[in-house]
Every structure is written in C-alpha cells, then in structure tokens.
Amino acid sequence: MIDLSNPAVVRGILERHGLRLSKGLGQNFLINPTVCPRMAEASGAAETGGVLEIGPGIGVLTRELARVSRKVVAVELDQRLLPVLGETLGDCPNVELVQGDIMKLDLHRLVREKFEGKRICVCANLPYYITSPVVMSLLESGLPLSSVTVMVQREAAQRLCAPPGGRACGAVSVSVHYHSQPQILFGVSRGSFLPPPRVESAVIRFQMREEPPVAVDSEAMLFRVARAAFSQRRKTAANAISAGLNLPKEQVAGALEAIGAGAAARAEQLTLEQLAALANTLTSSRILSEEAFL
Ligand code: SAM
C-alpha cells in the first residue's frame, strides 16, 4: 500500500508528475504518520453521513478519511494535483474529487447533491491563507454539519478558540462560540510537513451546536454589536459601539449598566451572555433598529 507520509515517496510522486509545490496555495503536505489518523478519528467522520475535505493535496489525509468514513468528497483547487490524486486514491472507491475553489463553490448545492442532505463533517489541513474566511463561512453557513476539524496555524487556533470575556477574544470569538464549541485538540510541529512551514500548527475541532447557547431577538444584531464593540479595542465598549453604530453614547452606556456590565466595560470583558443581553436591550428599547441597517 502506498505510504504518503514517507517523504521519499512524496518526492518521487511529485518528480514523476513534474510538480513543484506552490507556496501561494499553501501546499505544505503532512508527512507525520500519526497526525492524519488522529485527525480522521477526532473528526467523528465514522459516525456521520460523510466528510467534506478541503485541499486533499496528494491525498494523505483523504486516505485516512476514506478508511473511517462511508463517503469523502474532496475539493482541490490545483488542477495539477488531479492526476496525482487519481493515482494515490485509485484504491479508495468511496472518495469523490471535485476541482474548484472552496471560497467560490456553492457548498449548499454540493452537500445536497453529494451527501443527499445527510449530516456530515468537515476535516481538512487548511491552506493557511484562507483559514479564517473558510472557518467562519462554514460555521455561519447553516450547512448540515456536525463538526469542523481543521489544521491551522497555532496562533490562529488560539484566536479562533478564545472565549468571549477573555483577553484574546475578538468579534470572531462571539460568532465561533455562538455556533459551536471549539477545542484545540493537539499541536503539530513544523517538521510534520513537507516542506516545513515557518510556523507551528494545531488541530482544532468545532463541535456544532444544535441550539444557540444564548437567546437573541436577532442574530444579525448580536454580531453587529459585537463587531462594533471590538472594532476599537482601546476604547470602552460604550464608546466603540456608539461610534460604530452611530448611537448616542449615554444610551449605550445606560444599556451596559442595565445588563450589569458597567458603563466603562471593555469589549473583551463582556461574556457572550452579556453581549446577547446588550443586543437585546438595545433592540427592545428601540435604541437600535434593524431598519437602520437595511
Ligand atoms: N491535505 C493535504 C495534506 O494534509 O498533506 C494538503 C494540505 S495543503 C496545507 C492545502 C491544500 O489546499 C493544497 O493541496 C492546496 O492546493 C489546496 N488549496 C489551496 N487553496 C484552495 C482553495 N481555495 N480551495 C480548495 N483547495 C485549495
């Protein structure tokens, strides 16, 4: 059986196909033999209707996913890798390859057509240049996902998983925690890749929530308030929200007092529950109206 975590085998395949790896496409392939089985196991792929993989490369993670899951659909942007994948996945009949850009594909249609509406998971060693937009659009997509398990830069992992109400949090933390329960599973060293990237990596899993953890009158309002609050981190939340949403500062400060956070609170001191209560207070007291943003 082909061993895609053996650097000599990988180099041989690339040479035979006359391929040079593209830095621009984030082509750092996994060669640590323990990482792909751990990722495939942790993704929960065995218990779902299938797996969507982003960027199969030459198929090292794809093969592990094919081993544990009934169906794998792998989306690869680089056309040059398709003949290679045809070869390395030739003995995996439950893998389907799609050539395309994950940022541009209609994922609702893809999932409907390839998985017949079943609940699936996502598992990928993501190209780092699109980590945040891919993760955020998956979490906010409303796709039938049970979890998203991805390899990202270590710093991105820490930022994405930081809970609201802690020093490292930002507006994305609010959305991440609203839609999922994130967890850093394990770190991965630079030497686990060919070629080694400049930074350390980590595997994170977002377990999708069936119900949101807080009740809000409008999700859109919660995210608008969060974005405004974190847009100017040196200011108090009242100042940042009042400037970002063009609202009278006294009223925002009053709403912060009303929810028990204090008028001088900063965005990173507000928990998800407090941000939800703030968005609800601003909307119900008509300080903030949905129409104002239409
Ligand atoms: N899964 C392989 C592994 O673990 O060795 C390769 C991972 S490599 C970090 C990222 C892969 O994503 C590359 O194969 C790259 O060509 C592909 N890729 C880059 N941008 C993409 C995009 N916008 N849509 C789909 N695939 C993309």
Side-chain angles (χ1 to χ4, degrees), residues 2-7 9-14 17 19-43 45 51-69 72-89 92 95-107 110-111 114 121-138 141 148-154 156-157 185-186 188-204:
I2 190 160
D3 179 7
L4 296 178
S5 51
N6 179 335
V9 172
V10 178
R11 284 197 192 94
I13 291 174
L14 297 176
H17 287 265
L19 280 176
R20 286 178 68 113
L21 295 184
S22 157
K23 250 192 195 171
L25 290 179
Q27 291 179 342
N28 302 95
F29 295 161
L30 270 164
I31 47 161
N32 179 332
T34 66
V35 174
C36 294
R38 277 179 89 184
M39 281 184 79
E41 219 53 60
S43 73
V51 196
L52 174 66
E53 188 193 4
I54 300 158
I58 60 167
V60 64
L61 176 59
T62 324
R63 288 185 68 83
E64 284 304 320
L65 293 171
R67 196 175 53 78
V68 298
S69 170
V72 183
V73 173
V75 176
E76 175 57 60
L77 175 60
D78 190 347
Q79 303 217 23
R80 304 172 309 152
L81 291 171
L82 293 189
V84 181
L85 288 163
E87 189 180 306
T88 57
L89 302 173
C92 302
V95 175
E96 202 175 317
L97 297 171
V98 174
Q99 194 275 320
D101 183 340
I102 196 68
M103 300 291 289
K104 295 190 183 148
L105 284 177
D106 178 348
L107 289 185
L110 182 88
V111 170
K114 305 290 184 194
C121 62
V122 173
C123 188
N125 172 12
L126 281 181
Y128 293 166
Y129 76 106
I130 46 170
T131 297
S132 285
V134 168
V135 167
M136 296 318 294
S137 65
L138 285 171
S141 66
V148 174
T149 304
V150 283
M151 170 95 66
V152 301
Q153 278 186 20
R154 191 171 59 189
L185 297 181
F186 54 93
V188 180
S189 67
R190 298 165 63 242
S192 298
F193 301 87
L194 182 84
R198 285 213 201 103
V199 289
E200 299 289 311
S201 302
V203 174
I204 47 182

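We use all heavy atoms of the structure for the numbers below, so side chains are in, but hydrogens, waters and symmetry mates are not. Counting starts at 1 for both ligands and their atoms, following the listed order. Count residues from 1 along the sequence.
Using a 4.0 Å cut-off to heavy atoms of Q27, the atoms of ligand 1 that qualify are 13 (C), 15 (C), 16 (O). Within the listing of ligand 1, atoms 25 (C), 26 (N) sit less than 4.0 angstrom from a heavy atom of V75. Residue contact check: F29 has heavy atoms under 4.0 Å from atoms 5 (O), 6 (C), 14 (O) of ligand 1.
Scanning the protein heavy atoms around atom 2 (C) of ligand 1, the nearest turns out to be P56 O, 3.3 Å. Of the protein's non-hydrogen atoms, E76 OE2, 2.6 Å is the one closest to atom 16 (O) of ligand 1. Scanning all protein heavy atoms for the shortest distance to atom 5 (O) of ligand 1 gives L30 N, 2.8 Å. Here the heavy atom of the protein found nearest to atom 18 (N) of ligand 1 is P127 CG, 3.8 Å. For atom 24 (N) of ligand 1, the closest non-hydrogen atom of the protein is I102 N, 3.0 Å. Atom 26 (N) of ligand 1 has L77 N, 3.3 Å as its closest protein atom, hydrogens excluded (heavy atom only). Given atom 19 (C) of ligand 1, the protein heavy atom at minimum distance is L25 O, 3.3 Å.
For ligand 1, the polar-atom distance check against G26 finds no nitrogen or oxygen pair separated by under 3.5 Å. Below 3.5 Å of separation, one finds no N or O of I130 facing any N or O of ligand 1. Between N125 and ligand 1, an N or O atom pair is found at a separation short of 3.5 Å. Backbone and side-chain nitrogen or oxygen atoms of Y129 are examined, and one is located within less than 3.5 angstrom of a nitrogen or oxygen of ligand 1.
Ligand 1 lies less than 4.0 angstrom from a heavy atom belonging to E53. Close to ligand 1: G100, with a non-hydrogen atom less than 4.0 angstrom away. In this structure, L81 counts as a contact residue of ligand 1, since one of its heavy atoms falls inside 4.0 Å of the ligand.
N32 is not listed as a side-chain neighbour of F193, based on a closest heavy-atom distance of 4.5 Å or more. The shortest distance between side-chain heavy atoms of I102 and L77 does not fall below 4.5 Å. Contact of the L4 side chain with the F29 side chain is not registered, since no non-hydrogen atoms from C-beta on lie closer than 4.5 Å.
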If you apply the rule side chain to side chain contact (heavy atoms under 4.5 Å, CB included), what do you find for N125 with N28, and how did you get there? CA-CA 9 Å; N125 172 12; N28 302 95; 5.9 Å; no
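Contacts with ligand 1 closer than 4.0 Å are made by no heavy atom of C36, backbone or side chain. Under 4.0 angstrom from ligand 1, the non-hydrogen atoms of D101 come from both its backbone and its side chain.
The distance from atom CZ of R20 to atom CZ of R80, rounded to the nearest 0.5 Å, is 10.0 Å. The structure places CD of E64 at 11.0 Å from CD of E53, a figure rounded to the nearest 0.5 Å. Interatomic distance, CG of L126 versus OG1 of T149, reported as 10.5 Å (0.5 Å rounding).
Between the side chain of T88 and the main chain of I58, a donor-acceptor pair closer than 3.5 Å is present. S69 contributes no side-chain N or O that, together with a main-chain N or O of V72, makes up a donor-acceptor pair within less than 3.5 Å.
R38 is linked by a side chain to side chain contact (heavy atoms under 4.5 Å, CB included) to F186, counting only residues two or more places apart in sequence or in another chain. For the salt bridge (Lys or Arg N to Asp or Glu O under 4.0 Å) test, no residue two or more places apart in sequence or in another chain qualifies with E76.
In E41, the CD atom is not crowded: 12 or fewer heavy atoms of neighbouring residues, nucleotides or ligands sit closer than 6.0 Å.
Closest heavy-atom approach to atom 1 (N) of ligand 1 among the candidates S201, P133, G55, A124: G55.
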